[in-house]
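Following: one structure in structure tokens, then a few remarks.
Proteins get letters first, then strands, A, B, ... in listed order; numbering begins at 1 in each. Just so it is clear, the model here is predicted, and its values are computed rather than measured.
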Amino acid sequence: MPLVAVIDFETTGLSPTRGDRAIEIAVVLLEGKRVVDRFQSLMNASQRIPAFIEALTGITNNMLISAPQADSVMRDASRFVGSAPLVAHNAAFDRAFWNAELIRVGLEISHMFACTMLVSRRLYPQAPSHKLGALVDYHGLPRAGRAHRALADAEMAATLLCQIFDDLRNYYHIDHANHALLMALQRCSKPLLRVWMAKHASIACQ
DNA sequence: TGCCAGGCCCTCTTTAGGGCCTT
């Protein structure tokens, strides 16, 4: 069964194009619904963390003093991910930092990202919120440690992804949910999704 | 506290505007 890499970054801000940097990365490798490996590291990008981010993540400037250099971490993370397709919650955000940090160390950008948030908006339009924690609560899934830490968030996104795979199998009778299907589903237009659901599913599309 | 950016989505739309989500 092909591997999928669920990734999450903690960063100094929202935009790498404005100079924000990654300060922590975590990757959870899934084989089907089984976690087969994990990667997690703080990243010293020689950039001060705003107080707001320290409060949000619990990652302090002091913690990064002894952290490995960002370029070294990204080389290790890239080797860890290998050719596995990537999944993230609000993947546009993590993709921007993944690409920016890889460019900094001269590594190739080639990974396709699937997004659990976009897929969840399609599959669970009735959910009160499509934030990661809210979706985990909505499904009654276990929370994995402190929110806004990379490994905990990556674990929760992986758990959500497994829920999505379960629902695709149970409600849509798709036994071989994969990255390509997620990519298609997250880009599926609403009218097309209605047709798709009417054909395959018992869940109504609002 | 809320803004900062970017991508996506929805609608009172498409020659636009605003909300959601990520840190």
| request: Provide, to the nearest angstrom, the distance between the CD1 atom belonging to A/I53 and the C1' atom belonging to B/dC4. | output: 11 Å
| request: Could you tell me whether the side chain of A/E24 and the main chain of A/Q40 form a donor-acceptor pair under 3.5 Å? | output: no
| Interatomic distance where CG belongs to A/L135 and C1' belongs to B/dC21 [whole Å] | 11 Å
| task | Could you label the plane-to-plane angle of the A/F97 and A/F9 rings as parallel, tilted or perpendicular, counting under 30° as parallel and over 60° as perpendicular? | result | tilted
| Phosphate contact (B/dC21 OP1 or OP2) by A/S129 side-chain N/O below 4.0 Å | yes
| said: Taking any heavy-atom pair under 4.0 Å as a contact, classify A/D8: base, sugar-phosphate, or nothing. | reply: sugar-phosphate
| task | Determine, step by step, whether A/I164 and A/L185 satisfy the side chain to side chain contact (heavy atoms under 4.5 Å, CB included) criterion, reporting the C-alpha distance in whole Å, the side-chain angles of both residues, the deciding distance to 0.1 Å, and the verdict. | result | CA-CA 11 Å; A/I164 289 169; A/L185 189 54; 5.6 Å; no
| task | Look at the aromatic rings of A/H111 and A/W98 and report parallel, tilted or perpendicular, splitting at 30° and 60°. | result | perpendicular
| query | In Å, rounded to the nearest 0.5 Å, how long is the span from CG of A/L132 to NE2 of A/H148? | reply | 9.0 Å
| message | Quick one, A/R104 with A/D71, criterion side chain to side chain contact (heavy atoms under 4.5 Å, CB included). Give me CA distance, side-chain angles, the key distance, then yes/no. | response | CA-CA 7 Å; A/R104 282 180 176 273; A/D71 57 353; over 6 Å; no
| field | Rounded distance in Å - CD1 (A/I59) to P (B/dT22) | value | 16 Å
| request: Would you sort out whether A/V73 and A/F39 count as a side chain to side chain contact (heavy atoms under 4.5 Å, CB included), showing the intermediate values? | output: CA-CA 10 Å; A/V73 174; A/F39 177 92; 4.3 Å; yes
| note | Rounded to the nearest 0.5 Å, the OG atom of A/S41 sits from the CD1 atom of A/I23 at a distance of 11.5 Å
| remark: Quick note, A/R18 side chain, CB onward, closest among B/dT23, B/dC21, B/dA5 is B/dA5
| What integer number of Å spans the P atoms of B/dC3 and B/dA16? | 23 Å
| task | Starting at atom NE2 of A/H89, determine the distance to atom P of B/dC20, rounded to an integer number of angstrom. | result | 14 Å
| task | On the 0 to 90° scale, with breaks at 30° and 60°, tag the A/Y124-A/Y138 ring pair as parallel, tilted or perpendicular. | result | tilted
| Reckon A/F97 touches a base, only the sugar-phosphate, or nothing at all at heavy-atom distances under 4.0 Å? | nothing
| task | Could you work out the separation of B/dC4 and B/dG19 based on their P atoms and round it to a whole Å? | result | 12 Å
| Which is true for A/I23 with a 4.0 Å heavy-atom rule: it touches a base, it touches only sugar-phosphate, or it touches nothing? | nothing
| said: In whole Å, measure the gap between the P atoms of B/dC8 and B/dC12 for me. | reply: 23 Å
| task | Please test A/V36 against A/L30 for side chain to side chain contact (heavy atoms under 4.5 Å, CB included), starting from the C-alpha separation and ending with a verdict. | result | CA-CA 6 Å; A/V36 295; A/L30 282 179; over 6 Å; no
| Nucleotide B/dT23, atom P - distance to CD of A/E101 in whole Å | 15 Å
Between protein and nucleic acid, restricted to nucleotides 6-8 of chain B and to nitrogen or oxygen atoms under 3.5 Å apart, what atom pairs and distances do you find?
unit_1	atom_1	unit_2	atom_2	d
B/dG6	OP1	A/T17	OG1	3.3

| query | In whole angstrom, what separates A/L56's CG from B/dC21's C1'? | reply | 13 Å
| message | Taking only the P atom of each, what is the distance from B/dG18 to B/dT23 in whole angstrom? | response | 26 Å
| Quick one: A/Y138 OH to B/dC21 P, roughly how many Å, whole number? | 14 Å
| remark: The correct set of residues in residues 145-164 of chain A placing a heavy atom under 4.0 Å from DNA chain B is A/H148, A/D153
